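Since the model is a prediction, treat every value here as computed from it, not as a measurement.
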Amino acid sequence: MESQAVNRSQPAQPKQPLVSRLGFFVLGGVGSTLINSSLLELAKDRWAWPYAAGYAFSTASTAVIFFLWSYFVNFRTSRVWRNCLGRYLCCVIAAQLLNYLIGLCGLRQFGSTHLMRILVIGVVQSFTGGIKFLLYHFWVFPHAEQPRGAEAATVS
């Protein structure tokens, strides 16, 4: 009962403007591409892993890193995290599976050089990232307007 009172007394954190979130999403995409391609290079060249294992490792590691990015930087929301967790996991798993399948095919076909690997990963992540952005904006972390009078109830 006490935790409900604490949640009501905290002011709602406003959702970031769309342009700001889009900017952070693009910045995250560039960082994600660099991290993903670097981890793939490490797994493939240093550890001599095949593309399938190396790309699975790099996409999974990047997903964990950018989970933190999405939650703490890009899509801060006043909604309780547990309200968004199921939708977030569904979206991330679907996007990562799509990323892996398309990316692995592209890497096997075009990834003969370091630059081409970065380009393939960048193109694939741009595609899946755009889908994720729309899903995050409209489905995963939607902004629910407070009904009129809700502010008065939370202030008292």
Worksheet item: For the atom pair OG (Ser61) and CD1 (Ile65), what is the distance rounded to the nearest 0.5 Å?
Response: 6.5 Å

N/O donor to acceptor pairs below 3.5 angstrom from side-chain atoms of residues 91-102, sequence neighbours left out:
unit_1	atom_1	unit_2	atom_2	d
Asn99	OD1	Tyr55	OH	2.5
Tyr100	OH	Ala52	O	3.0

Worksheet item: Which distance, rounded to the nearest 0.5 Å, do you find between the OG of Ser32 and the CG of Leu27?
Response: 11.0 Å

Worksheet, complete the sentence: Applying side-chain contact (heavy atoms from CB on, under 4.5 Å) to Leu119 and not counting sequence neighbours gives Leu115, Met116

Worksheet item: Transitive ILVMFWY cluster of Leu34 at side-chain heavy atoms under 4.5 Å: who else is in it?
Response: Val30

Response to the item:
Note: Ser58 and Leu39 closest approach over all heavy atoms is CB-CB, 3.6 Å

Worksheet item: Closest heavy-atom contact between Gln125 and Gly29?
Response: NE2-O, 4.1 Å

Worksheet, complete the sentence: Taken to the nearest 0.5 Å, the spacing of Cys105 SG from Phe110 CZ works out to 10.5 Å

Worksheet item: Is it true that a side-chain atom of Arg87 and a backbone atom of Trp139 form a donor plus acceptor pair closer than 3.5 Å?
Response: yes

Fill in: Members sharing Val123's hydrophobic cluster (side chains within less than 4.5 Å)
none

Item to complete: Could I get the full list of side-chain contact (heavy atoms from CB on, under 4.5 Å) partners for Ile118, not counting sequence neighbours?
Response: Thr33, Ser37, His114

Worksheet item: How many angstroms lie between atom CD of Glu41 and atom CG of Asn36, to the nearest 0.5 angstrom?
Response: 10.5 Å

Discussion item. To the closest 0.5 Å, what do you measure between OG1 (Thr59) and CD1 (Ile121)?
Written reply: 9.0 Å

Worksheet item: With Phe57, which residues qualify under ring-ring contact (aromatic ring centres under 6.0 Å, His included), at least two apart?
Response: Trp47, Trp49

Worksheet entry | Shortest non-hydrogen separation from Gly54 to Leu40 and the atoms involved | C-CD1, 3.6 Å

